Amino acid sequence: MQDLIRSGDASLKGVYQTLEKYPLVCGPYRVPFLLNKPGTGHRVTGELYAVSPRGLSRLDELEGITRGHYVRQPIRLAAAEKEGGDLEAEHATSSCVVEAYYAHKSYEEELWKRNGGRSFGAYTENEARGYVKRKDRPQHLTFLDHIRIFVSSPCD
């Protein structure tokens, strides 16, 4: 995102939260995955960016949309709850529909099972502990190879 911000193709709009509950889980190398299973998990909090068409094309490539890595689909958000705020009242008047990258259906259910049906409400420093950057992962395996190995391995 930093590259897109520097090139003028993205800007941070703020911290938002899903109106519905969704599972947010970690996959291989502590990479976060949003699962398209509304009503399960937590109201997920994260950053919302406005992105230019050129920036969106770059993100789609990065996220492997045409390679079956992720799918980009609508999600309803509202500005994140402030301390002591009334979540339902705030969200009723200020929601918006945007697009999010979800784990591809071809491995979504296995990823959910591999995480033991547990998820978290935000990808914080704690959840990111152990994250491995793309350049530091084994390069001879594809993204989907990494997924297959992860979902077939025993839980920690």
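Please read all numbers here as calculations on a predicted model, not as lab measurements.
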| request: Using a cut-off of 6.0 Å, state whether more than 12 heavy atoms not belonging to R6 lie near its atom CZ. | output: yes
| request: Taking salt bridge (charged side-chain N to carboxylate O under 4.0 Å, His left out) as the test, write out the residues that go with R76, two or more places apart. | output: none
| message | Donor-acceptor check, side chain of R67 to backbone of E61, threshold 3.5 angstrom: yes or no? | response | yes
| task | List for me each residue that meets side chain to side chain donor-acceptor pair (under 3.5 Å) alongside H146, sequence neighbours excluded, and say none if there are none. | result | Y29
| side chain to side chain donor-acceptor pair (under 3.5 Å) partners for N126, two or more places apart | R129
| remark: All heavy atoms of M1 vs all of V51, minimum pair found to be CE-CG2, 4.4 Å
| said: Taking ring pair (Phe, Tyr, Trp, His ring centres under 6.0 Å) as the definition, give me every residue that meets it alongside H69, ordered by chain and number, with sequence neighbours left out. | reply: F143
| message | If we ignore hydrogens and angles and just use 3.5 Å, is the side chain of R72 paired with the main-chain N or O of E99 as donor and acceptor? | response | no
| field | Worked check of side-chain contact (heavy atoms from CB on, under 4.5 Å) between T40 and W112 | value | CA-CA 11 Å; T40 307; W112 179 234; 3.3 Å; yes
| request: With rounding to the nearest 0.5 Å, note down the distance linking OG in S95 to CG in L77. | output: 9.0 Å
| task | Verify, without hydrogens or angle tests, whether T45 (side chain) and Q17 (backbone) share a donor-acceptor contact under 3.5 angstrom. | result | no
| field | Beyond-backbone contact of I75 with Y22, side-chain heavy atoms, under 4.5 angstrom | value | yes
| field | Sequence-distant partners of R148, salt bridge (charged side-chain N to carboxylate O under 4.0 Å, His left out), two or more places apart | value | D145
| Heavy-atom pair with the smallest gap, counting every atom of P23 and K37 | CD-O, 3.5 Å
| field | Separation between NZ of K133 and CG of D136, rounded to the nearest 0.5 Å | value | 7.0 Å
| query | Is any side-chain heavy atom of V15 less than 4.5 Å from a side-chain heavy atom of L48? | reply | no
| task | Rounded to the nearest 0.5 Å, what's the gap from CD on E63 to NE2 on H104? Could you check? | result | 13.0 Å
| field | Close side-chain approach of V31 and Y131, heavy atoms under 4.5 Å | value | yes
| said: Using the salt bridge (charged side-chain N to carboxylate O under 4.0 Å, His left out) criterion, which residues pair with E20? Sequence neighbours excluded. | reply: none
| query | Has the side chain of R30 got a donor or acceptor atom that lies under 3.5 Å from a matching backbone atom of V132? | reply | no
| request: Could I get the full list of side chain to side chain donor-acceptor pair (under 3.5 Å) partners for S57, not counting sequence neighbours? | output: none
| query | Of all residues at least two apart in sequence or in a different chain, which pass the side chain to side chain donor-acceptor pair (under 3.5 Å) check with E110? | reply | none
| request: Give the minimum heavy-atom separation between A103 and L35, together with the two atoms involved. | output: CB-CD2, 3.6 Å
| remark: So CG of L144 and OG of S106: to nearest 0.5 Å the spacing works out to 6.0 Å
Please table the atom pairs, donor to acceptor, closer than 3.5 Å between any side-chain atom in residues 115-122 and protein atoms at least two apart or in another chain.
residue	atom	partner	partner atom	Å
N115	ND2	C26	O	3.0
N115	ND2	L111	O	2.9

| query | Between R114 (side chain) and S152 (backbone), is there a donor-acceptor pair under 3.5 Å? | reply | no
| said: Quick check: do L4 and L59 have side-chain heavy atoms less than 4.5 Å from each other? | reply: yes
| said: Quick one: does any side-chain atom of E127 pair with a main-chain N or O of E125 as donor and acceptor, under 3.5 Å? | reply: no
| note | With sequence neighbours left out, the residues meeting side-chain contact (heavy atoms from CB on, under 4.5 Å) with Q73 are N36, V71, Y102
| message | Going by salt bridge (Lys or Arg N to Asp or Glu O under 4.0 Å), R54 matches just one of D60, D3, D9. Which one? | response | D9
| Qualifying ring-ring contact (aromatic ring centres under 6.0 Å, His included) pairs, either residue in residues 31-50, two or more places apart | F33-Y70, F33-Y107
| query | Would a 4.5 Å heavy-atom cut-off, applied to side chains only, mark P74 and V98 as touching? | reply | no
| query | Quick one: do V151 and L141 end up in the same hydrophobic cluster if we chain Ile, Leu, Val, Met, Phe, Trp and Tyr together by side-chain heavy atoms under 4.5 Å apart? | reply | no
| request: Could you go through the side-chain contact (heavy atoms from CB on, under 4.5 Å) check for L34 and V25 one step at a time? | output: CA-CA 7 Å; L34 184 63; V25 300; over 6 Å; no
| request: Report the residues that fulfil salt bridge (charged side-chain N to carboxylate O under 4.0 Å, His left out) with K105, sequence neighbours left out, ordered by chain and then residue number. | output: E108
| said: Quick check: closest heavy atoms across C96 and Y16, and the distance to 0.1 Å? | reply: SG-CE2, 4.2 Å
